A.B. asks: 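Could you have a look at this structure, given as structure tokens, before my questions?
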Amino acid sequence: MPTGDNPETETSKVPSDFIRDIVAQHLAEGKYPQIHTRFPPEPNGYLHIGHAKSICLNFGIARDFGGICNLRMDDTNPTKEEVEYVESIQKDVQWLISDWADDKIGLKPKGETPEQKDVNGKTDFHLPAKVGQASCLSLESADGDRQDASPTLEPFYASDYFDPIFEYALQLIRKGKAYVCDLSPKDTDEYRGAPDRPGKESPWRNRSIEENLDLFQRMRAGEFPDGTRSLRAKIDMAAPNVWLRDPLLYRIRHAEHHHTGSKWCIYPLYDFAHCLSDYIEGITHSICTLEFEVHRPLYDWILESLELPRPRPHQYEFAKLIPSYMIVSKRKLIQLVNEKLVTGWDDPRLPTISGIRRRGITAQALRNFAIGVGVTKYISVTDIAVFEHAIREDLNKRALRRLAVLRPLKVVIINYPEDKIEELDATNNPEDPNGGTRKIPFSRELYIDADDFMEVPAPKYFRLKPDGEVRLKYAYIIKCEEVVKDADGNVTELRCTADLDSKSGGATSGRKIKGTIHWVSAEHAVDAEVRLYDRLFTVPEPDADGDFKKHINPNSLQVITAKCEPSLAGAKPGERYQFERLAYFCLDQDSAPGKLVLNRTITLKDAWSKEVRK
RNA sequence: UGCCCGAUAGUGUAACGGUAGCACAAGUGACUCUGAAUCACUUUGUCAUGGUUCAAAUCCAUGUCGGGCAGCCA
């Protein structure tokens, strides 16, 4: 049994923030019987670390307050959205919340759409969530042993509400609060004015209700080409908030939609669709990022104007996560992928959730980070060191220790018999008392890492040096007797003697030796392709000057062949490894039988390199 | 010259009128068969100016600085 598989590395402190304070107060006041949040990504790209914060916030609130968090595709723009993204989003959300807020996810029966009913004499649309399991979202039966607990559930889709939303638009028209406008996109822009200059009313603003109704129906029927007409809210062209200057509610788009097919040729805009989607699902707290703050009056205006019979949702905004040395903008991420600056959406250098997963970072580490950064309205850059700390903290507890040599330097133990092989005991994980041990072979010819020998040692260097002693982890203390070089003066081999009584547990094994290094038996070592990943960008704010591509780290990936202890031949996809004194690694999906491919997740902290820099 | 939002150590975040705390980072030392981990210690902070108050990071006013908003994107 592999141990250290599921250490509890979840941060235990209870998060508190201004949004949770509001939720707690609402609960105390009895304002809502149950808290209901939602996570509403647009399927136009892969989820990234910023979304992880939002997921942790929305699902975390559901978790802390006994609520539900709906997963919803905010898919109102058919020209940008794709099924590939829908699927990746489901997979990433499932992975992130699994074993944490697994049972808080609000889903719906497959194919179900809102039911129309009468509430207090008013037409109403409602689609209540069914509490599912994150595993319901699993698209692959890959794991074999995991059966789809409930294959009949799926995420919510804003596009499932196109009928009710259309109906609500009709209601707005009937109330004289919306009109069909014939202005071109360009004219609409001009009429809107500017933040410091009032707009001008559209000449089509005062059409009769009948005419508006007729025109809107004909828009839906496909009588008009894209961009020729739109449905607009009738609010106030002189409003200081530009989003209240008769914002568009519907545009004509003769386009195939990934979820609704060719049923529609008009599509509601975000502002109209989002508040109504929240209402239809019975959301209580609609949490979004700061840039939507100026949209909140419109969110409220639409729901108020409709005089809806059930309690209305309210919007709250927080500052999104911006980690240093990363790019978190869907537009720019898509650029990196399309221009092949990275290998794909799941490139381990990318801050996408799928990239993070492939890198070997666990969901728990990501969560600890995303929760730990806190929730405020202050826009800030989070030091990547905080993320790296969360990764190391988690991996330190769960990773199996292994010996592997990244840049091999041959060592021959000249006083050790040629044909002798010893099996030495090695601890799997000193952090895990039940981690157990394994055997590693020792023989006359070994590899050590080139970094662990210096012919002319730097001050305070206490690894191997000519005539110096060093301890081989789990094995003997050796002394460097001879340095062998090639014609160019490169060190090719070290000839050493071992203190044969100093084997771990042996008579002289207690001798004070400052340095301990890792090694592998040359004859028994297995080769592995090792991908050494580093930060994708060389500067803390890659896009500060608007030219992030200029700051791509040319050394963000180095591929080498490492010599690994033989037990690594049996490396498993879910396991995490620490190559002692080096870094954390995980098996990459490119591995095949007989071909090991390992990703470096993150290096160990390295006080020596810091010393060298001084 | 418009509206909205924000400002607490280097970074992020608490303190909800009553001792400015935590994490990361940085530094020093201890320990170490991982220069890791762990442990101990240390440095550094309320944007400014007024006001209210016995008492202000917190309330008020003014200012300064930073951010967002003028897609038929979300």
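Chain letters run A, B, ... following the sequence lines, proteins first and then strands; every chain starts at 1. What you are looking at is a predicted structure, and each value in this text was computed from that prediction instead of being measured.
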A.B. asks: Check salt bridge (charged side-chain N to carboxylate O under 4.0 Å, His left out) between Arg220(A) and all other residues, then give those that pass, not counting sequence neighbours.
C.D. replies: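 Expected list: Asp163(A).
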A.B. asks: Hey, are Arg402(A) and Ser567(A) close enough side-chain-wise for a donor-acceptor pair under 3.5 Å?
C.D. replies: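 Yes, Arg402(A) and Ser567(A) have a side-chain donor paired with an acceptor closer than 3.5 Å.
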A.B. asks: Please report, to 0.1 Å, the donor-acceptor pairs under 3.5 Å made by any side chain of residues 180-189 of chain A, with sequence neighbours excluded.
C.D. replies:
unit_1, atom_1, unit_2, atom_2, d
Asp182(A), OD1, Arg207(A), NH2, 2.3
Asp182(A), OD1, Arg229(A), NH1, 3.1
Asp182(A), OD2, Arg207(A), NH1, 3.2
Asp182(A), OD2, Arg207(A), NH2, 3.2
Asp182(A), OD2, Arg229(A), NH1, 2.8
Ser184(A), OG, Asp187(A), N, 3.1
Ser184(A), OG, Asp187(A), OD2, 3.4
Thr188(A), OG1, Ser184(A), O, 2.7
Asp189(A), OD1, Arg192(A), NH2, 2.3

A.B. asks: Using the P atom as the point on both nucleotides, what is the distance between rG6(B) and rU13(B), in whole Å?
C.D. replies: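 That atom pair is separated by 14 Å.
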A.B. asks: Which whole number of Å gives the distance between the P atom of rC54(B) and that of rC47(B)?
C.D. replies: 25 Å
A.B. asks: Under 3.5 Å between N/O atoms: give me all the protein pairs with nucleotides 7-9 of chain B, atom names plus distance.
C.D. replies:
none

A.B. asks: Determine the minimum heavy-atom distance between Ile235(A) and Leu244(A), stating which atoms define it.
C.D. replies: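 Closest pair (atom of Ile235(A), atom of Leu244(A), distance): CB-O, 3.2 Å.
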A.B. asks: Between rC5(B) and rA9(B), how far apart are the two C1' atoms, rounded to whole Å?
C.D. replies: 24 Å
A.B. asks: Mind checking Gly506(A) for me? I need base, sugar-phosphate or nothing, with any heavy atom below 4.0 Å counting as a touch.
C.D. replies: nothing
A.B. asks: Please give the distance between the P atoms of rG2(B) and rG45(B) as a whole number of Å.
C.D. replies: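 My reading of the P atoms in rG2(B) and rG45(B) gives 36 Å.
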A.B. asks: Are Glu281(A) and Arg72(A) close enough for a salt bridge, meaning some N to O gap below 4.0 Å?
C.D. replies: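 Between Arg72(A) and Glu281(A) there is a salt bridge, with a charged N closer than 4.0 Å to a carboxylate O.
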A.B. asks: Applying salt bridge (charged side-chain N to carboxylate O under 4.0 Å, His left out) as the test, list every pair that has at least one member in residues 322-332 of chain A; sequence neighbours left out.
C.D. replies: Lys332(A)-Asp543(A)
A.B. asks: Residues in salt bridge (charged side-chain N to carboxylate O under 4.0 Å, His left out) with Asp17(A), at least two apart?
C.D. replies: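 Partners of Asp17(A) under the salt bridge (charged side-chain N to carboxylate O under 4.0 Å, His left out) test: Arg20(A).
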A.B. asks: Taking the same atom, C1', in rU38(B) and in rC59(B), what whole-Å distance lies between them?
C.D. replies: 46 Å
A.B. asks: For rG71(B), does the glycosidic angle fall within 90° of 0 (syn) or outside that (anti)?
C.D. replies: syn
A.B. asks: Got a sec, which residues hit side chain to side chain contact (heavy atoms under 4.5 Å, CB included) with Val530(A), two or more places apart in sequence or on another chain?
C.D. replies: Ala528(A), Leu532(A), Ile560(A), Ala562(A), Phe585(A), Leu598(A)
A.B. asks: Could you tell me if the side chain of Ile266(A) sits less than 4.5 Å from the side chain of Phe166(A), heavy atoms only?
C.D. replies: yes
A.B. asks: Need one value for Thr376(A): base, sugar-phosphate or nothing, where a base atom within 4.0 Å counts as base even if backbone is also close, heavy atoms only.
C.D. replies: sugar-phosphate
A.B. asks: Can you tell me how far P of rG35(B) sits from CG of Leu464(A), to the nearest Å?
C.D. replies: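 About 14 Å, once rounded to whole Å.
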A.B. asks: Centre of Tyr325(A)'s six-membered ring, under 6.0 Å away, within 45 degrees of the axis: is that where NZ or CZ of Arg535(A) sits?
C.D. replies: yes
A.B. asks: Using the P atoms only, state how far rU28(B) lies from rA36(B), rounded to an integer number of Å.
C.D. replies: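 That atom pair is separated by 13 Å.
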A.B. asks: Write down the distance between CG (Asp501(A)) and P (rC33(B)), rounded to a whole number of angstrom.
C.D. replies: 19 Å
A.B. asks: Would you say rU34(B) has OP1 or OP2 under 4.0 Å from some side-chain N or O of His518(A)?
C.D. replies: no
A.B. asks: Could you give the NZ-to-P distance, from Lys377(A) to rC5(B), as a whole number of Å?
C.D. replies: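 To the nearest whole Å, that distance equals 7 Å.
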A.B. asks: Applying salt bridge (charged side-chain N to carboxylate O under 4.0 Å, His left out), can you list everything that pairs with Asp271(A), at least two apart in sequence or on another chain?
C.D. replies: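 Once residues adjacent in sequence are excluded, Asp271(A) has no partner under the salt bridge (charged side-chain N to carboxylate O under 4.0 Å, His left out) criterion.
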A.B. asks: Between rU42(B) and rG10(B), how far apart are the two C1' atoms, rounded to whole Å?
C.D. replies: 16 Å
A.B. asks: Report yes if a donor N or O on one partner sits less than 3.5 Å from an acceptor N or O on the other, where the partners are the side chain of Lys512(A) and the base of rU32(B); otherwise report no.
C.D. replies: no
A.B. asks: Work out which heavy atom in Leu403(A) is nearest to a heavy atom in Glu565(A); give both atom names and the distance.
C.D. replies: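 Heavy atoms of Leu403(A) and Glu565(A) come nearest at N-OE1, 2.8 Å.
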A.B. asks: Rounded to the Å, how far apart are Ile371(A) CD1 and rA14(B) C1'?
C.D. replies: 17 Å
A.B. asks: Could you tell me whether Asp452(A) and Arg581(A) make a salt bridge, using a distance below 4.0 angstrom between a side-chain N and a carboxylate O?
C.D. replies: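 Looking at Arg581(A) together with Asp452(A), the answer is yes, because their closest N to O distance falls below 4.0 Å.
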A.B. asks: Rounding to a whole Å, what distance do you find between Phe18(A):CZ and rU13(B):C1'?
C.D. replies: 13 Å
A.B. asks: Nearest-Å distance, CD1 (Ile384(A)) to C1' (rA23(B))?
C.D. replies: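 In whole Å, rA23(B) C1' lies 17 Å from Ile384(A) CD1.
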A.B. asks: Rounded to whole Å, please give me the gap between CG in Asp21(A) and P in rU58(B).
C.D. replies: 19 Å
A.B. asks: So what's the dot-bracket for RNA chain B: Watson-Crick or G-U pairs under 3.5 Å, [ ] if a pair crosses, | if it pairs off-strand?
C.D. replies: .((((((..((((....[..)))).(((((.......)))))....(((((..]....))))))))))).....
A.B. asks: Would you give a per-nucleotide map of nucleotides 66-74 of chain B, 5' to 3', where B means the base has a protein non-hydrogen atom under 4.0 Å away, S means only the sugar-phosphate does, and - means neither?
C.D. replies: -SBSBSBSB
A.B. asks: Using salt bridge (charged side-chain N to carboxylate O under 4.0 Å, His left out) as the criterion, list what pairs up with Asp160(A), not counting sequence neighbours.
C.D. replies: Lys108(A)
A.B. asks: From the options rU32(B), rC33(B), rC16(B), select the nucleotide whose nearest atom is closest to the side chain of Lys514(A).
C.D. replies: rU32(B)
A.B. asks: Can you list, pair by pair, the side-chain donor-acceptor contacts under 3.5 Å of residues 376-386 of chain A, counting residues two or more places apart and other chains?
C.D. replies:
unit_1, atom_1, unit_2, atom_2, d
Thr376(A), OG1, Tyr378(A), N, 3.2
Lys377(A), NZ, Glu293(A), OE2, 2.7
Asp383(A), OD1, Ala385(A), N, 3.0

A.B. asks: Rounded to whole Å, please give me the gap between CZ in Phe462(A) and P in rU34(B).
C.D. replies: 10 Å
A.B. asks: Which heavy atom of Tyr267(A) sits nearest a heavy atom of Thr76(A), and at what distance?
C.D. replies: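 That closest heavy-atom pairing would be CB-O, 3.5 Å.
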A.B. asks: Which atoms of nucleotides 36-40 of chain B (N or O only) lie under 3.5 Å from a protein N or O atom, and what are those distances?
C.D. replies:
unit_1, atom_1, unit_2, atom_2, d
rA37(B), O2', Asn396(A), ND2, 3.3
rA37(B), O2', Glu431(A), OE2, 2.9

A.B. asks: Which value, in whole Å, describes the distance between the P atoms of nucleotides rU8(B) and rA15(B)?
C.D. replies: 14 Å
A.B. asks: At under 4.0 Å between heavy atoms, what does Ser504(A) touch on the DNA or RNA strands: base, sugar-phosphate, or nothing?
C.D. replies: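 The residue Ser504(A) makes base contact.
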